[in-house]
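Working notes, beginning with the structure itself.
Hydrogens, waters and symmetry mates are skipped; everything else that's a heavy atom, side chains included, is used.
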Amino acid sequence: YQPPWSGRSYVTQIALAPLAPGESRRVVEAALGEAPAASVVEPILARAEGNPFFIEELARVVRERGA
């Protein structure tokens, strides 16, 4: 997929590699603000597949819902 604005002179595309498992775990712990149980962390890590944006958003939803 290429957005229509990708050819503009002011656009820069940055490719992000997936985070390593340990890095992903640290993002979840930082987003939750506590030492979460493995039953909370593992599903987040599995669904996010190392994508830091997904990891943070999934952890935020878990925190907001009190899961």
Side-chain angles (χ1 to χ4, degrees):
Y1 169 75
Q2 290 290 328
W5 60 85
S6 65
R8 308 280 183 175
S9 63
Y10 52 83
V11 174
T12 301
Q13 184 172 346
I14 300 172
L16 298 176
L19 296 177
E23 296 169 326
S24 296
R25 186 173 301 279
R26 285 192 293 276
V27 172
V28 171
E29 291 171 353
L32 293 178
E34 58 185 65
S39 62
V40 173
V41 174
E42 295 307 320
I44 292 173
L45 297 179
R47 288 179 185 254
E49 298 179 343
N51 183 314
F53 301 114
F54 292 160
I55 294 168
E56 189 173 22
E57 282 302 305
L58 290 170
R60 183 185 59 77
V61 168
V62 167
R63 184 184 69 231
E64 288 177 356
R65 293 187 180 173

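Within the structure, side chain to side chain donor-acceptor pair (under 3.5 Å) pairs that include any residue of residues 9-19 do not occur (at least two apart or interchain). Note on residues 47-60: pairs passing side chain to side chain donor-acceptor pair (under 3.5 Å), not counting sequence neighbours, are Glu57-Arg60, Arg60-Glu64.
Distance CD/Glu23 to CG/Leu45: 12.0 Å, rounded to 0.5 Å.
The two atoms that bring Pro43 and Ala38 nearest to each other are CD-O, 4.0 Å, heavy atoms only. When all heavy atoms are compared, the tightest approach of Ile55 to Ser24 is CD1-OG, 3.4 Å. Scanning all heavy atoms of the two residues, the minimum distance from Ile44 to Val62 falls at CD1-CG2, 3.9 Å. Scanning both residues, Trp5 and Val11, for their nearest heavy atoms gives O-CG2, 3.2 Å.
The cluster map of Ile, Leu, Val, Met, Phe, Trp and Tyr, joined by side-chain heavy atoms under 4.5 Å apart, puts Phe53 and Ile14 in the same cluster. Both Val27 and Leu32 are assigned to one and the same hydrophobic cluster, defined by single-linkage of ILVMFWY side chains at heavy-atom distances under 4.5 Å.
With Arg63 contributing its side chain and Ala31 its backbone, the two residues share a donor-acceptor pair below 3.5 Å.
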